[in-house]
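Everything numeric in this text was worked out from a predicted model, so none of it was measured. First the proteins, then the strands, lettered A, B, ... as listed; each starts at 1.
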Amino acid sequence: MGIHLPSLLPQMQELGQALYERSLQVSAMIPKAIKALHFTAELDHSELQSKIKKAGNRWTGAIPTEETLNLTFPPPTAPQSLHVIGADGSQIYPDRHAAAFYYLINIGSIVVSHGSGKAPTIQQESQLFFELEDLYDEADHPVQNAYVNLRRDVAEMKILAEIAESLAGEQTLAILDNSLLLWMALQTGGSTSRETDLYLQQYLKLLDRLRSSKTGLAGFIDRPRSVSVLALIHLAGLPDDQITQETLRLTPFRGLTDRAIFTKLLPPGHRSPLFISASPLNRDFRTAGHEVHFFYLNTDADGSVVRVEIPTWVAQDPELLNRVHAGILKDCQTTGGFPYTLVRAHELAVIPAQERAAFEDMLQRTLLGHGLRPTQSQKALTKQLTGQRKQHRL
Amino acid sequence: MPESPMMIGRVTRCSTRGFVGAMQISENALPVFGSLCQAEAQGGRSYVVGLVYDISITDDQFARQLAGLDEVPQEQIADGQLNRQVPVEFSALAVGFHDDDGFHQSLPPQPPLTLASVFSMVPKDGIDFTSELHFLQMILNAPQLPVDELLATTLRLSAQARPEEERERFLLQAGREVARLLAQDLTRLENILRGLRAKE
C-alpha cells in the first residue's frame, strides 16, 4: 500500500529540525576549516609529507602537490576549437525473478565540437550479456550488480578512448560522469577476483590509449561528498607524536565536506590547487602511470562546486590541465554548471521505463519463438499485480 | 518542386478519418500546413491521401531550459534540431485514397497501419487528385480543425502546383465550388474567398 504518511509526520519534523541544527553547526565550522587550511598552507612541504607518512597507508586524505594550498587558479582561455567527448552508461541488472537471466549495458556518447557550429556526433551502443561466463563468477555464484557496474565503467572508458583516438592531433577533452578510480565498481563483494583485476588492467590500458592520443581526460563528480582535504587539514593540525588512527578519526570537521569550504573559497570559474587521492586503489593507477589527481572547480556563477579527477599525465602537463579547466567551464555554460556533453550522454544512455518494457516484450516473444515458455517468478508476478492497484480519489 | 515523393514520416496513430505521423527530419523537409501527403495502406494495395492540418513538436524540458538563455551556442542549437529524440509530429485529415482505379475522394476503406511510411505528394499526383473538388466537402465537415484557413491554403497550394496559365481557372472553379458548399454561410464564404485572393 506504500508509505504510511501519517506515521512519518513526527519523524519528518524531527528530520527537518535535525538538518536545520546540523546546517548551523556546519556553517560555524567553515571559518575554522578555512583558517586550518591557511595554517596547513603555511607548513613546510616536507613537514606535511612527514605527517602524511606517519598517518600510514590506511589514511585516505588528500595529498598536496607543489601548488600552494590556499591559492585559487582563475579560468584559462579556452581553445578556439575544442572537441568535448562525453560518455555515460546505464544498465538492466540481472534479475533471477525475470523471464530470463541476462543483463544489458547501454552506453551513450557524444562529441560536441565547440566553435564548429556543427551538430554534435552521437552514438549509442547496447550489449546483451547472457552466456554462462558472463552470468556466473569463478565460484559459480550469479554476478552481482557491482560487477555489472564494473563492466559498464570499462565500456564507458573504451568509447572515450576510441573516439579520442579518432580525433588524435586535435584539441580534445574527454569527460566521464564518474570518478576515474573505478571506486564504486571495485566494490565487487569485497573480493578482488581474477576477473575484477582483468577489467582493472583493461581500464588502465584504455587510459594508456587516451594518454597516447594526448586527450585531456577528466572524471566529473557533481555534488561531491568527499572529505579528503578536510582530513589533510585535520592531520596538519595534529602534533607529530599524537598522530594515531584514533586521533585521525576524531576530526573536528565531522559533517562538513570539502565542497562546503571550497564553495566559500572559489570565485566563479576558479579551481582549487591540485591534490592526489590517497585511496589505496590509486596505487594500481600510480604503478601504471595514471595516478589520480583532483581539484575542486566552481563551474557556475551560483557557486556550483564540483570535483574533477585527472590522471597524472594531465596534471603534469600545463596545456592539458588548462584544457580540462577551461573546457569544462565552456561546456557548462548553458547547463547550470554541469557539462552539456554529460547531460546529453546521459540522455542517450538512459533506458526509459517504456523502452525497457518494449525490450522485455521482445525478449518474451523471442523465447516463445524458440519454443521456450517465458515465466517470471511468482514473486515478480505478484509484485506486478499488486503494483497496479491505484488508490481511489474522491 | 520534387518529382519523386519524399518520405516525411511514419504513422504513429491512425483511423479511417486521418492519421498522425512523426519523424526526426530537418527543417526544410518538414511537411507544410495544407499540403497533401499519402500513406501506404492495405499492404501496399492502396494509399490514403492526407491533408496536413497540424504540425507540432513534442514538449521537452531540456529544450525549454536552453530556450530561456540569452545565448545558445550554434552546436547546441544544431544538436537540438538534428540529434535529440524529439520528433516532429504532424496530423493529416484523410480526404481520399488511391488504388488500382486511381484517386477516389472519399474516406479510405482501411487506415494505414502503425509505422507505415508517409510521403509528400508529388505535384503531378496533387494536380491529378485536385482535378475533382469533392474533397472540399470533407474538409468543411471536419470537426475542430482550422477549416477555413486549411481550405484556403490547400487551394492556393494546389493552384501553385499547376502551370501558370491554369492557376486562375482552377481558383475560379474552386471558388465556385466553395460558394456552392457554403451558400448558407456567407460570412465564412467571404473569409475563405478573401483568404484565397490575399495570397494569390
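Of the two parts of S113(A), only the backbone, made up of N, CA, C and O, holds a non-hydrogen atom closer than 4.5 Å to a non-hydrogen atom of chain B. In this structure, chain A has heavy atoms under 4.5 Å from both the backbone and the side chain of Q76(B).
Heavy atoms from other residues, nucleotides or ligands lying under 6.0 Å from CD of E168(B) number 12 at most. With a 6.0 Å radius and a threshold of 12 heavy atoms from other residues, nucleotides or ligands, R225(A) has its CZ atom at or below the threshold. Heavy atoms of other residues, nucleotides or ligands lying less than 6.0 angstrom from NE2 of H104(B) number more than 12. Within a 6.0 Å radius of CD in E190(B), no more than 12 heavy atoms belonging to other residues, nucleotides or ligands are found. With a 6.0 Å radius and a threshold of 12 heavy atoms from other residues, nucleotides or ligands, Q354(A) has its CD atom at or below the threshold.
If you run side-chain contact (heavy atoms from CB on, under 4.5 Å) between N83(B) and each of I122(A), I110(A), T121(A), only I122(A) comes through.
With chain B as the partner, the residue from G117(A), G336(A), G115(A) showing the most heavy-atom pairs under 4.5 Å is G117(A).
Contact record, E71(B) with T334(A): O-CG2, 4.1 Å, taken as the closest heavy-atom pair.
Put simply, CD on E75(B) and OG1 on T341(A) are 12.5 Å apart, with the number rounded to the nearest 0.5 Å.
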